[in-house]
There are 2 protein chains.
Amino acid sequence: MPTTGGRSPVMSDVAKVAGVSHQTVSRVVNGHPNVREETVVRVRRAIAELGYQPNSTARALVTRRTNVLGALAVDTTLFGPAQTLAGIERAAREAGYFLSIVSVDDLSPDGVAEALDHLVQQAVEGCVAITPQRELAHALAALPGPRPLVAVEGGEGAGFPVVGVDQEQGARDAVRHLVGLGHRTVHHVAGRADWLEAEARVHGWREELLAAGHVVPEPLAGDWSPRSGYELGHRLAERRAAGEEVTAVFVANDQMAVGVLKAFHEVGLRVPDDVSVVGFDDIPESAYLTPGLTTVVQDFTRVGTAALEVLLGALESPDHADTPVDRTVPAVLRVRDSSAPPSA
Amino acid sequence: MPTTGGRSPVMSDVAKVAGVSHQTVSRVVNGHPNVREETVVRVRRAIAELGYQPNSTARALVTRRTNVLGALAVDTTLFGPAQTLAGIERAAREAGYFLSIVSVDDLSPDGVAEALDHLVQQAVEGCVAITPQRELAHALAALPGPRPLVAVEGGEGAGFPVVGVDQEQGARDAVRHLVGLGHRTVHHVAGRADWLEAEARVHGWREELLAAGHVVPEPLAGDWSPRSGYELGHRLAERRAAGEEVTAVFVANDQMAVGVLKAFHEVGLRVPDDVSVVGFDDIPESAYLTPGLTTVVQDFTRVGTAALEVLLGALESPDHADTPVDRTVPAVLRVRDSSAPPSA
DNA sequence: CTGAAAGCGCTTACAG
DNA sequence: CTGAAAGCGCTTACAG
């Protein structure tokens, strides 16, 4: 068996064993036509014999293509971002790309700049950014960074394509469902005020209520956490106890809905008999809460896939980078047991 | 302003502007000593002026260091793996490395081999593998792949360091808590049989029960999902209705515990009055379930950090790569409202 | 169908 | 303290 003296084999080692030049090895490795079948076989055999692995760094240097895509994630600890990231990863791998991730903990301009720099240093060919916060989306637009870039759930009009779930439509569907059940108004426990998704859901909720000719109560500002849902649930219960008409609540995510449910349970408010509750996200637990939570499903996998599709498109035809692509994934209402007509 | 005619500036462009050789630019970029202060200033200025970014690919080719670490993840959609990955990412970034992730959907030897190959192709300098399934851990040990490698929650004795939470101790603590409350036995809803963590929790549960001189009931095999918890919860309720003594249940994760809680609620079994329930993981929802779930906390962030520490150690001293550094992060019982003494 | 030459953008000795 | 030379492992024209 041929040896390379301890170091890992390079292309010319394979060439030597196969009795050809290293260019021919390169042709075989890259599947070029115009190589004699017999030569291909000989080279293949030499490759297998030596356990040769092409050096991707050397290839990248000359082709100027690193084959790596970047993902800028905000908090992969949250359900949505984690799901989306998984979808992106899978789509990237299937497209033959490597995926390098960097999460940004620090949302200050400096923090974001540093994260972007991390990606640029790595010479990613493109990047998808999960940018749910308004601040982040703006920083991204202003800063130099990897291009092309597509944003997930970021704000529109920032100069790059945006892919995301139709938050407003999802919120409207939730409210319409509740209104259709006969509720005369719907309260809202909102997500973090600095998140664009929270804003869009507030907007959809308000618009739908207005369209139905109903009163729009003051929304309660949460932070996505079960704890905030719990606290605001108690706040709503107090309002109800004080005489306000609280018969239906649209909660901006399922985790907060868990807290709302607990608060209502503690004060003896029955769901859905006394108050209906609708969430957003459809986390795995939602169907198995008591009662099963009516919610708005976001298909994060599809968002991830769509984001990568748009990115790949921009990579292939940089000129058409602003071609209109299908960037919005519909949200789907899933009715379970936590919503019902108001009791008479 | 100097131009580079459209292409991005390279080291020799900077050299020209600064009036030095490109080697001197290299010295400045890499912070080498023995460069005249005035020269440093000139070079720095030229770098800023041109917006020069060193080409990491070219550097990697000659230094043979890519500065990228790999992460092999199994299902980043699950709570634990996602958290761990986030911890690894942060630790890698702080150590100055890039992190490339590849998730493996297909657990067959071929699927795992492909995922490993993806990492090898990328010339990662090291890799951490989140390998909760027995099969995956074994495949990893048998297959060629990136080295050094550290496994998270993988099986011991596979030839590489393993970092993880002490599952068995966590399970024992949960059971001891329940037994200490006065329960004469504790039932168990287990996780997926092919997961090492599920196995370790079963083992800890059994050992503790045995140590306390109690009967060990047949465990019920779930799959981590709320749905399986729900179905098995009903199974347990039936057993109880049939006269079996079911007063305490240790559920292998919180998501299944959610399902168990729902099942018990449906048949009118009160928690903790009739049956105590203890989970595992401490997902964000757990404190806000009804009742608040007693559970075993896993510090995934710490696991991720520890994994990277071990990997970095192996990178620095390859000779001591097999030093026994199997690191174990303790699990911590968090008592809430779902566990209480058995009713008389 | 195949090989000799050049070069991708750096770093590492080696001189001076 | 600084520069000329060589080379990392590939791919891309260019010949033949």
Side-chain angles (χ1 to χ4, degrees), chain A residues 4-47 50-68 96 98 120-125, chain B residues 4-44 46-47 50-68 98 120-125:
Chain A
T4 54
R7 63 175 172 70
S8 43
V10 298
M11 204 168 252
S12 61
D13 295 319
V14 175
K16 203 168 298 166
V17 170
V20 295
S21 72
H22 73 275
Q23 285 95 323
T24 294
V25 175
S26 173
R27 287 188 187 97
V28 172
V29 167
N30 294 297
H32 285 188
N34 300 346
V35 182
R36 220 182 350 153
E37 183 51 31
E38 187 211 303
T39 309
V40 172
V41 170
R42 245 185 15 249
V43 170
R44 287 254 165 76
R45 204 177 347 245
I47 288 174
L50 293 171
Y52 168 71
Q53 289 270 5
N55 180 316
S56 58
T57 302
R59 172 182 291 167
L61 180 58
V62 44
T63 59
R64 294 157 185 289
R65 297 208 40 201
T66 55
N67 241 282
V68 6
F98 304 122
V120 169
Q121 270 178 44
Q122 222 173 144
V124 298
E125 293 185 34
Chain B
T4 53
R7 62 175 173 70
S8 43
V10 298
M11 203 168 251
S12 61
D13 295 319
V14 175
K16 204 168 297 167
V17 170
V20 296
S21 72
H22 72 274
Q23 286 97 323
T24 295
V25 176
S26 173
R27 287 189 186 97
V28 172
V29 167
N30 295 297
H32 286 190
N34 301 344
V35 182
R36 220 180 352 153
E37 184 53 29
E38 187 211 301
T39 308
V40 172
V41 172
R42 243 182 21 244
V43 170
R44 287 254 165 77
I47 287 174
L50 292 171
Y52 169 71
Q53 288 269 8
N55 180 315
S56 58
T57 302
R59 173 182 290 166
L61 180 59
V62 43
T63 60
R64 294 157 184 291
R65 297 208 41 200
T66 54
N67 241 284
V68 6
F98 304 120
V120 169
Q121 270 178 45
Q122 220 172 148
V124 298
E125 292 184 35

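Small disclaimer: the values here were computed from a predicted structure and weren't measured. Below, read A as the first sequence line, B as the second, and so on, with proteins coming before strands; counting in each chain starts at 1.
Put simply, CZ on B/R42 is 11 Å from C1' on D/dT2, counting in whole angstrom units. Rounded to a whole Å, the CG atom of A/L61 is 18 Å from the P atom of C/dA6. Between the CG atom of A/N34 and the P atom of D/dT12 there is a distance of 15 Å, given to the nearest Å. Rounded to whole angstrom, the span from the CE atom of A/M11 across to the C1' atom of D/dT12 amounts to 12 Å. Computed from coordinates, the A/Q122 CD to C/dG9 C1' distance equals 18 Å when rounded to whole Å. Atom CD of A/Q23 is separated from atom C1' of D/dC14 by 11 Å (rounded to the nearest Å). Straight-line distance from the NZ atom of A/K16 to the P atom of D/dG9: 12 Å, rounded to whole Å. In this structure, OH of B/Y52 is placed 7 Å from C1' of C/dG9, rounded to the nearest angstrom.
Looking at residues two or more places apart in sequence or on another chain, you find no side-chain hydrogen bond (donor to acceptor under 3.5 Å, both in side chains) involving A/S56.
Mapping A/V29 and B/P33 onto DNA chain D by nearest heavy atom places B/P33 closer to the 5' end of the strand.
Shown here for A/R65 and A/E125, the closest heavy-atom pair between the two residues is NH2-OE1, 3.0 Å. Counting all heavy atoms, side chain and backbone alike, A/T66 lies closest to A/Q122 at CG2-O, 4.3 Å.
Among the protein residues, A/T39 comes within range of the sugar-phosphate backbone only, with heavy atoms under 4.0 Å from sugar or phosphate atoms but none that close to a base. Across all strands shown, A/R27 has heavy atoms under 4.0 Å from base atoms, whether or not it also approaches the sugar-phosphate.
Counting only distance, with no hydrogens or angles, the side chain of B/T63 and the backbone of B/R59 share a donor-acceptor pair below 3.5 Å.
For A/S26, a side-chain nitrogen or oxygen approaches OP1 or OP2 of D/dT11 to under 4.0 Å. Look at A/T24 and you'll find a side-chain N or O under 4.0 angstrom from OP1 or OP2 of C/dG3. Remark: A/R59 is not in phosphate contact with C/dC8, judged by side-chain N or O atoms under 4.0 Å from OP1 or OP2. Here A/R36 does not reach the OP1 or OP2 of C/dC1: none of its side-chain N or O atoms lies under 4.0 Å away. In this structure, B/N55 does not reach the C/dC8 phosphate: none of its side-chain N or O atoms is under 4.0 Å from OP1 or OP2.
For a distance-only test at 3.5 Å, the side chain of A/H22 fails to qualify as a donor-acceptor partner of the base of C/dT2.
Counting only heavy atoms from C-beta outward, the side chains of B/V10 and B/N55 never approach each other to under 4.5 Å.
Nucleotide D/dA4 has no partner under the Watson-Crick or G-U criteria, as no pair reaches both atom distances under 3.5 Å. Here C/dA13 sits opposite no nucleotide as a Watson-Crick or G-U wobble pair (both hydrogen-bonding atom distances under 3.5 Å).
Side-chain proximity of A/V35 to D/dG3, D/dC10, C/dT2: nearest is C/dT2.
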